[in-house]
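Note sheet for the following structure.
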Amino acid sequence: MTRQQVVVHTASEIAGIREAAQSTARVLEQLSQAVVPGMTTLQLDQLAGRLIQETGGTSAFYNYHGFPGQICISVDDVVVHGIGNPALVIQPGQLVSIDVGVRLGKFVGDCATTVCAGGCPSPQAQRLMAATRQSLEAGIAAARAGAYVSDIGRAVEPVARAGGFTVVRDFVGHGCGGDLHEPPEVPNFSQPRRGPKLVPGMVLCIEPMVNAGGANVFVEDDGWTVRTADGGLSAHFEHMVLITKDEPEILTWRRTPSK
């Protein structure tokens, strides 16, 4: 096993990653509650910038390879990497996927969720969100020491397919912690190779992107926004997971501070 295949974090690094992950989870929770019909995606992005600043950190996405937003905001058929837009007004019933990254000191947190503006999703949208969330849970359950990266995707994909949906193959999960993207890549689908073995100290972002229609996607002319090829809805859920000697630890579960 080489350093290029995986990144195994030390105990002191994990402590810093936990803090960054919790800051990210807090921002994501606040943004999820702030989504309402009538606001623009730029307004949501600007709110994210203020909330990230309040954590004492900075956006891990802003200017990452030139990305122009504080967070990624992906509406309806946008899969990932949507950019805040003053002309894009969120409508009732639309799916809004929010992907947040916070750099706190030397460490990075990254997590995502999908919400329905106004809280009244269509039956299809409701099923899609449930299947995507459940596929994430299946992937996390498979992320145990001694298993392999491929076991995660092998657990994710059948759950999405059982709901009648498809998993995006062009974009995958990844290691995270010191940098936003670290090895290994974490596909959400079955693959012939096992990939690296999971060992304690690895931190993975498991993030199913699931489409109501086909799996094919395309990137818009802005070089960032990824849409479903057939215009179908897409949902995206993501957690940072620490591999331990026992159960996987979800670093981006929102924890209530002890009094």
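None of the values given here were measured: they were computed from a predicted structure.
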(request) Look at the side-chain heavy atoms of Ile, Leu, Val, Met, Phe, Trp and Tyr, link any pair under 4.5 Å apart, and say whether V217 and V80 land in one connected group. (result) yes

(message) With rounding to the nearest 0.5 angstrom, report the CD to CE distance, Q91 to M39.
(response) 13.0 Å

(message) What verdict does the side chain to side chain contact (heavy atoms under 4.5 Å, CB included) test give for N188 and M209, after you've listed the backbone C-alpha separation in whole Å, the side-chain angles of each residue and the deciding distance to 0.1 Å?
(response) CA-CA 8 Å; N188 299 301; M209 292 149 270; 3.9 Å; yes

(request) Can you see which heavy atom on R227 is nearest to which on V79, and at what distance? (result) C-CG2, 4.0 Å

(message) For a side-chain hydrogen bond (donor to acceptor under 3.5 Å, both in side chains) check, start with the C-alpha distance between T114 and S97, then their side-chain angles and the critical distance, and finish with the verdict.
(response) CA-CA 4 Å; T114 300; S97 295; 2.7 Å; yes

(message) Between L47 and V27, is there shared hydrophobic-cluster membership here, with clusters defined by ILVMFWY side-chain heavy atoms closer than 4.5 Å?
(response) yes

(request) Compare all side-chain heavy atoms of V241 with those of I140 and state whether any distance is below 4.5 angstrom. (result) yes

(request) Before giving the answer on side chain to side chain contact (heavy atoms under 4.5 Å, CB included), spell out for M202 and E182 the whole-Å C-alpha distance, their side-chain angles and the decisive distance to 0.1 Å. (result) CA-CA 10 Å; M202 292 172 64; E182 297 176 343; over 6 Å; no

(request) Give, for atom CZ of R103 and atom OG1 of T55, the distance between the pair rounded to the nearest 0.5 Å. (result) 12.5 Å

(message) If I compare all heavy atoms of F165 with all of A131, which pair ends up nearest, and what's the gap?
(response) CD1-CB, 3.7 Å

(request) Step by step, work out the side chain to side chain contact (heavy atoms under 4.5 Å, CB included) result for I52 and Y62. (result) CA-CA 11 Å; I52 291 170; Y62 181 69; over 6 Å; no

(request) Sort out for me which residue in V203, D110, L204 forms a side-chain contact (heavy atoms from CB on, under 4.5 Å) with H174. (result) D110

(message) Applying the side-chain contact (heavy atoms from CB on, under 4.5 Å) criterion to N211, which one of L128, L233, V168 satisfies it?
(response) V168

(message) What verdict does the side-chain hydrogen bond (donor to acceptor under 3.5 Å, both in side chains) test give for H239 and T252, after you've listed the backbone C-alpha separation in whole Å, the side-chain angles of each residue and the deciding distance to 0.1 Å?
(response) CA-CA 6 Å; H239 271 307; T252 42; 2.7 Å; yes

(request) Give me the ring orientation class for H181 and Y64: parallel if the planes are under 30° apart, tilted from 30 to 60°, perpendicular past 60°. (result) tilted

(message) Restricting to non-hydrogen atoms, name the atom on V167 and the atom on A215 that form the minimum distance, rounded to 0.1 Å.
(response) O-CB, 3.4 Å

(request) Check whether W224 and V219 end up in the same hydrophobic cluster, where Ile, Leu, Val, Met, Phe, Trp and Tyr are linked by side-chain heavy atoms less than 4.5 Å apart. (result) no

(request) Kindly work out whether a path of hydrophobic side-chain contacts (I/L/V/M/F/W/Y, heavy atoms less than 4.5 Å apart) joins I152 to W253. (result) yes

(message) Please give me the minimum heavy-atom distance between S190 and R169, naming the atom from each residue.
(response) O-NH1, 4.3 Å

(request) Determine whether L28 and R26 make a side-chain contact, defined as any pair of heavy atoms from C-beta on separated by less than 4.5 Å. (result) no

(message) In the structure I gave you, are the side-chain heavy atoms of P196 and Y148 within less than 4.5 Å of one another anywhere?
(response) no

(request) For residues P121 and M129, determine if any side-chain heavy atom of one lies less than 4.5 Å from a side-chain heavy atom of the other. (result) yes

(message) With a 6.0 Å cut-off (strictly less than), is the heavy-atom count around CD of Q46, excluding the residue itself, greater than 12?
(response) yes

(request) Determine whether V115 and L44 fall in the same hydrophobic cluster, where Ile, Leu, Val, Met, Phe, Trp and Tyr are linked whenever their side-chain heavy atoms lie under 4.5 Å apart. (result) yes

(message) To the closest 0.5 Å, what do you measure between CE (M240) and CD1 (I17)?
(response) 6.0 Å

(message) V226 vs V78, test: side chain to side chain contact (heavy atoms under 4.5 Å, CB included). Steps then yes/no.
(response) CA-CA 6 Å; V226 179; V78 177; 5.7 Å; no

(request) Can you see which heavy atom on I206 is nearest to which on G139, and at what distance? (result) CD1-O, 3.9 Å

(request) Measure the shortest side-chain to side-chain distance between L31 and V100 over non-hydrogen atoms and say whether it is less than 4.5 angstrom. (result) yes

(request) Check whether more than 12 heavy atoms from other residues, nucleotides or ligands sit under 6.0 Å from atom CZ of R161, and answer yes or no. (result) no

(message) Using modelled atom types and a 3.5 Å cut-off, is there a donor and acceptor pairing between side-chain atoms of E207 and backbone atoms of H236?
(response) no

(message) My understanding is that only residues two or more places apart in sequence, or in another chain, count here; which of them pass side chain to side chain contact (heavy atoms under 4.5 Å, CB included) with A142?
(response) A155

(request) Evaluate whether atom CD of Q53 has more than 12 neighbouring non-hydrogen atoms of other residues, nucleotides or ligands under 6.0 angstrom away. (result) no

(message) Quick one, S234 and T132 - any side-chain contact, counting heavy atoms below 4.5 Å?
(response) no

(request) For the pair Q43 (side chain) and T40 (backbone), establish whether a donor and an acceptor sit closer than 3.5 Å, ignoring hydrogens and angles. (result) yes

(request) Mark yes when over 12 heavy atoms from residues, nucleotides or ligands other than F171 sit less than 6.0 Å from its CZ; otherwise mark no. (result) yes

(message) Looking at D230 and G214, would you say the former's side chain and the latter's main chain have a donor-acceptor pair under 3.5 Å?
(response) yes

(request) Measure across F107 and G178 and return the closest heavy-atom pair with its distance rounded to 0.1 Å. (result) CD2-CA, 4.5 Å

(message) With a 4.5 Å cut-off on side-chain heavy atoms, are V199 and I243 touching?
(response) no

(request) Measure from the side-chain N and O atoms of Q5 to the backbone N and O of K197, and report whether any donor-acceptor pair falls under 3.5 Å. (result) no

(request) First locate atom CZ of F67, then atom OG of S59, and finally report the distance between them rounded to the nearest 0.5 Å. (result) 8.0 Å

(message) Measuring from atom OG of S122 to atom CD of Q94, what distance do you get when rounded to the nearest 0.5 angstrom?
(response) 11.0 Å

(message) I'd like to know if E13 pairs up with R18 as an ion pair, taking the criterion as any Lys NZ or Arg NE/NH1/NH2 lying under 4.0 Å from an Asp or Glu carboxylate oxygen.
(response) no

(message) I'd like to check the side chain to side chain contact (heavy atoms under 4.5 Å, CB included) partners of D45; sequence neighbours left out, ordered by chain and number.
(response) Q70, I71, I73

(request) Look up atom CG in L51 and atom CD in Q30, then write down how far apart they are to the nearest 0.5 Å. (result) 4.5 Å

(request) Please check if the side chain of T166 supplies one atom and the backbone of G213 the other of a donor-acceptor pair under 3.5 Å. (result) yes

(message) Any heavy-atom pair between the side chains of L136 and V156 that's under 4.5 Å?
(response) no

